[in-house]
There are 2 protein chains.
Amino acid sequence: MPTIDDVARKAGVSLGTVSNVLNNPEKVKPATRDRVLKIIEETGFHPNLSARNLSRSKTDTIALIYPFSQRRRTEHYYSDFLAGTTDTCFRLNYRLMLSSYPRDVSEKEKLRNYEELTNGSAVDGIVITRTERNDSAIQLLSDRQQKFAALGRCDLPIDFPWVDVDGAKAVREAVHYLYNLGHRRIAYVGTPALFTFSLHRSEGYRTGLEEVGIEFDEDLVILASVAGNEIEAGENGMVGFLKVEAPPSAVIVGGGQLAIGVVNGIEKSGYRVGTDISVISFDDTDWSTHYSPPITTIRQPLYEMGKLVAELLIKSIAGEEPEDHHILLNTELVIRGSCKKV
Amino acid sequence: MPTIDDVARKAGVSLGTVSNVLNNPEKVKPATRDRVLKIIEETGFHPNLSARNLSRSKTDTIALIYPFSQRRRTEHYYSDFLAGTTDTCFRLNYRLMLSSYPRDVSEKEKLRNYEELTNGSAVDGIVITRTERNDSAIQLLSDRQQKFAALGRCDLPIDFPWVDVDGAKAVREAVHYLYNLGHRRIAYVGTPALFTFSLHRSEGYRTGLEEVGIEFDEDLVILASVAGNEIEAGENGMVGFLKVEAPPSAVIVGGGQLAIGVVNGIEKSGYRVGTDISVISFDDTDWSTHYSPPITTIRQPLYEMGKLVAELLIKSIAGEEPEDHHILLNTELVIRGSCKKV
DNA sequence: TTGTACGCGTTATCAT
DNA sequence: ATGATAACGCGTACAA
């Protein structure tokens with residue numbers, strides 16, 4: 001590997017000049033610049049990134065903590081989001097480090113993982129996902145003055161850049177939609193309010209019911225443990241709903257995998273999705289869009305979200321802290337075949 | 001950020017000793033070691049990775065080129081594979097850089113992307129995926145003496161570490177299975193032999209037919225362009241099959257997304273999957289496992305494959321070149337509800 | 001066992 | 001416009 005010294009020598013200039021050719025082209029006379037450039041081309045010189053990073057105290061790298069599920073073939077949550085982030089880094093000349101940790105890891109180990117990442121100045125910033133209401137990772141990063149941006153909000157009194165989707169509004173809209181279709185017994189299957197998105201969705205459900213004047217009935221709500229198998233949980237929950245004397249005619253599901261279970265539950269109970277029980281779920285996956293009937297879903301702009309967090313973070317690293325570094329996006333109710341008039 | 005100097009000063013030793021405490025603990029007397037360790041703990045010192053990388057000429061980082069599809073919600077191909085790689089890096093104390101490039105990029109730009117990655121010694125090695133029969137990226141990396149490992153084989157006369165699945169055998173087994181179920185008109189929907197996996201699967205189809213004594217009929221084969229929409233291609237192909245006078249009673253599909261189209265095509269033509277037309281496809285996705293009927297699939301050990309390539313590459317970086325750095329894994333035919341006796 | 005000094009390849013500052 | 005020279009922070013032979 002040729003170094004900047006080699007280039008300087010061959011071009012008959014000092015290494016400072018070579019550096020300037022690369023980093024401050026306007027500071028060097030066109031003639032010498034061309035000569036140096038030619039030598040660079042010939043020798044195939046490329047600045048060593050470790051040296052460059054060391055010298056600039058900057059790595060042009062951000063990390064993304066992406067907790068893969070251990071279960072085989074689970075929808076790897078939000079891979080469109082990952083695509084958005086990856087593409088954006090590529091476009092903005094940033095490198096993306098993908099970091100993971102086992103999902104069933106203890107809170108403490110999880111935090112250690114974040115710490116490791118902040119140590120040694122290996123990355124300029126971190127993207128975090130699946131924010132919790134009381135997110136210890138956010139607290140940690142904030143304490144350590146690490147630049148970060150999040151997919152999702154957080155209840156902590158900390159100001160940081162985030163991108164989120166208005167999950168409450170999304171579910172409210174779903175309730176209205178079902179109400180207008182004539183449904184009066186609308187169930188909700190979701191996840192407990194540990195994660196902020198879970199909370200928002202549940203709140204949307206309650207608010208929605210209030211708005212249309214349906215009384216909240218806690219027998220129509222199931223919040224499945226995040227730890228367990230979502231598909232089983234959804235199925236069991238739905239089967240339970242359909243056993244009672246006044247079963248729901250529609251169900252809103254606050255999670256993609258849960259919906260698979262819910263649909264299974266409906267079919268195993270001898271009902272048909274859409275025709276007998278209306279279903280609305282989150283996210284356009286291959287499953288939801290190509291199931292028969294295709295599932296009516298609340299679409300989140302995942303790719304866009306990935307793009308935006310990356311942009312927000314990179315801006316923050318560049319020292320820009322735009323006023324609008326809280327981005328709340330709207331979802332879209334995509335009507336397919338799983339909801340019927342009643 | 002405290003430096004190694006700060007620690008040395010506070011501990012009353014030289015910086016060489018501090019370095020040894022970290023990298024060659026046995027070379028330093030327990031007493032001083034403990035003292036230094038305590039200071040390190042107190043000051044929260046962590047070696048700066050850029051400096052460390054520069055000094056060692058090593059980054060403990062590998063890159064993964066992962067061509068995300070631009071289309072929303074398209075098969076994000078093999079995210080289990082990605083999980084395997086990511087987890088393995090985490091476990092082996094390596095960092096993983098995720099790199100992407102637009103799928104519709106020209107061959108030249110694609111290669112430039114690989115070049116960039118090799119420049120500046122930013123990574124110790126590269127994992128490549130979707131190998132082609134005549135893979136220019138492999139040629140490039142080989143020429144540049146870059147360490148790399150691949151998911152998939154390649155026809156080039158280059159020896160490199162790879163992990164692959166025996167796709168030919170997989171499809172042969174599928175043919176046998178259908179034959180034993182009584183099927184004699186077995187169609188194949190796949191992709192053209194640009195990628196090695198496509199070729200292997202197609203070959204397996206032909207070999208399988210030979211083995212059971214069915215004559216190859218090219219009217220029962222469709223190789224969809226990789227560029228287009230797989231779902232549409234599968235659907236059109238299948239609809240075409242079902243229009244001819246002697247339609248197939250079974251179809252093997254050489255790609256996950258294609259199968260969605262094939263199933264659509266069957267249903268739109270008024271037939272029922274399983275009951276009328278048997279279907280075997282690749283990969284256990286949420287769609288294939290939870291469609292009704294659930295699709296009988298050829299399961300690839302994707303997570304395992306991701307784990308193995310990462311291990312292979314990291315070994316190669318460490319200078320180990322094990323004899324068995326060509327790993328061919330078996331698939332598993334997972335029987336569900338989409339194939340019936342005829 | 002411990003300390004010194006140099007090298008790693010850049011960037012950046014400051015004279016010239 | 002260009003050229004020395006000093007950081008940047010760490011690893012490591014080599015000397016003590």
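So that the names make sense, note that chain A is the first sequence line, chain B the second, and so on, each numbered from 1.
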To the nearest 0.5 Å, tell me how far B/Leu141 CG sits from B/Asp135 CG.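 So the gap between those two atoms works out to 8.5 Å.
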Report yes if the side chains of A/Val127 and A/Leu96 come closer than 4.5 Å at any heavy-atom pair, otherwise no.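 Answer no - side chains too far apart.
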Hey, are the side chains of B/His325 and B/Glu311 touching, using non-hydrogen atoms and a 4.5 Å cut-off?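 SC-SC contact between B/His325 and B/Glu311 ruled out.
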Set of residues satisfying salt bridge (charged side-chain N to carboxylate O under 4.0 Å, His left out) with respect to B/Lys110, sequence neighbours excluded: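 Listed in chain order: B/Glu132.
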Residues in salt bridge (charged side-chain N to carboxylate O under 4.0 Å, His left out) with A/Asp5, at least two apart?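 A/Asp5: no salt bridge (charged side-chain N to carboxylate O under 4.0 Å, His left out) contacts found.
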Not counting sequence neighbours, list each pair that qualifies as a salt bridge (Lys or Arg N to Asp or Glu O under 4.0 Å) and has a residue in residues 48-59 of chain B.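 Salt bridge (Lys or Arg N to Asp or Glu O under 4.0 Å) check on residues 48-59 of chain B returns B/Arg56-B/Asp60, B/Lys58-B/Asp60, B/Lys58-B/Asp124.
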Scan the side chains in residues 145-158 of chain B for donor-acceptor partners under 3.5 Å anywhere in the protein, sequence neighbours excluded, and list what turns up.
from: B/Lys147; atom 1: NZ; to: B/Ser316; atom 2: O; distance (Å): 3.2
from: B/Arg153; atom 1: NE; to: B/Asp164; atom 2: OD2; distance (Å): 2.9
from: B/Arg153; atom 1: NH2; to: B/Asp164; atom 2: OD2; distance (Å): 3.4
from: B/Arg153; atom 1: NH2; to: B/Val165; atom 2: O; distance (Å): 3.3
from: B/Arg153; atom 1: NH2; to: B/His200; atom 2: ND1; distance (Å): 3.3
from: B/Asp155; atom 1: OD2; to: B/Arg133; atom 2: NE; distance (Å): 2.9
from: B/Asp155; atom 1: OD2; to: B/Arg133; atom 2: NH2; distance (Å): 3.4

Donor-acceptor check, side chain of B/Asn23 to backbone of B/Asn20, threshold 3.5 angstrom: yes or no?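 Between the backbone of B/Asn20 and the side chain of B/Asn23 there is no qualifying donor-acceptor contact (under 3.5 Å).
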On DNA chain D, reading 5' to 3', which nucleotide is the first and which the last to sit with an atom under 4.0 Å from a heavy atom of chain B, could you check?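 Contacts span D/dG9 to D/dT12, reading 5' to 3'.
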Go through the structure and list residues passing side-chain hydrogen bond (donor to acceptor under 3.5 Å, both in side chains) with A/Thr88, not counting sequence neighbours.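 Listed in chain order: nothing, the list is empty.
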Distance in angstrom units between A/Leu22 CG and C/dT11 C1', rounded: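 Checked: the CG to C1' distance equals 11 Å.
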Just the rounded figure in Å: distance from C1' of C/dG9 to CZ of B/Arg56.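 Answer to the nearest Å: 16 Å.
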Assign a letter to each nucleotide of nucleotides 1-7 of chain C from its 5' end: B, base within under 4.0 Å of a protein heavy atom; S, sugar-phosphate only; -, no contact. SBBBB-B
Specify the angle, to 10°, made by the local axes at the two ends of the helix from C/dT1-D/dA16 to C/dT16-D/dA1 when five pairs are taken at each end.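 Comparing the first five pairs with the last five, the axes sit 40° apart.
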Determine which pairs satisfy ring pair (Phe, Tyr, Trp, His ring centres under 6.0 Å) with at least one residue from residues 29-56 of chain B, sequence neighbours left out, and list them in order.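 The answer is none; no pair qualifies.
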Would you list the pairs meeting ring pair (Phe, Tyr, Trp, His ring centres under 6.0 Å) in which at least one residue belongs to residues 105-132 of chain A, sequence neighbours left out?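 Of all non-adjacent pairs touching residues 105-132 of chain A, none passes ring pair (Phe, Tyr, Trp, His ring centres under 6.0 Å).
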Look at the rings of A/Phe160 and A/His326 and say which category their plane angle falls in: under 30° parallel, 30 to 60° tilted, over 60° perpendicular.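 Rings of A/Phe160 and A/His326: perpendicular, over 60°.
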Distance-only donor-acceptor hits, side chain of residues 27-38 of chain B, under 3.5 Å, sequence neighbours excluded:
from: B/Thr32; atom 1: OG1; to: B/Lys29; atom 2: O; distance (Å): 2.8
from: B/Arg33; atom 1: NH1; to: B/Pro25; atom 2: O; distance (Å): 2.8
from: B/Arg35; atom 1: NH1; to: B/Ala11; atom 2: O; distance (Å): 2.4

Tell me, which of residues 42-54 of chain A have any heavy atom that sits under 4.0 Å from an atom in DNA chain D?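 Here the set is A/Leu54.
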What is the nucleic acid contact for B/Thr3, judged by heavy atoms within less than 4.0 Å: base, sugar-phosphate only, or nothing?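 Sugar-phosphate contact only.
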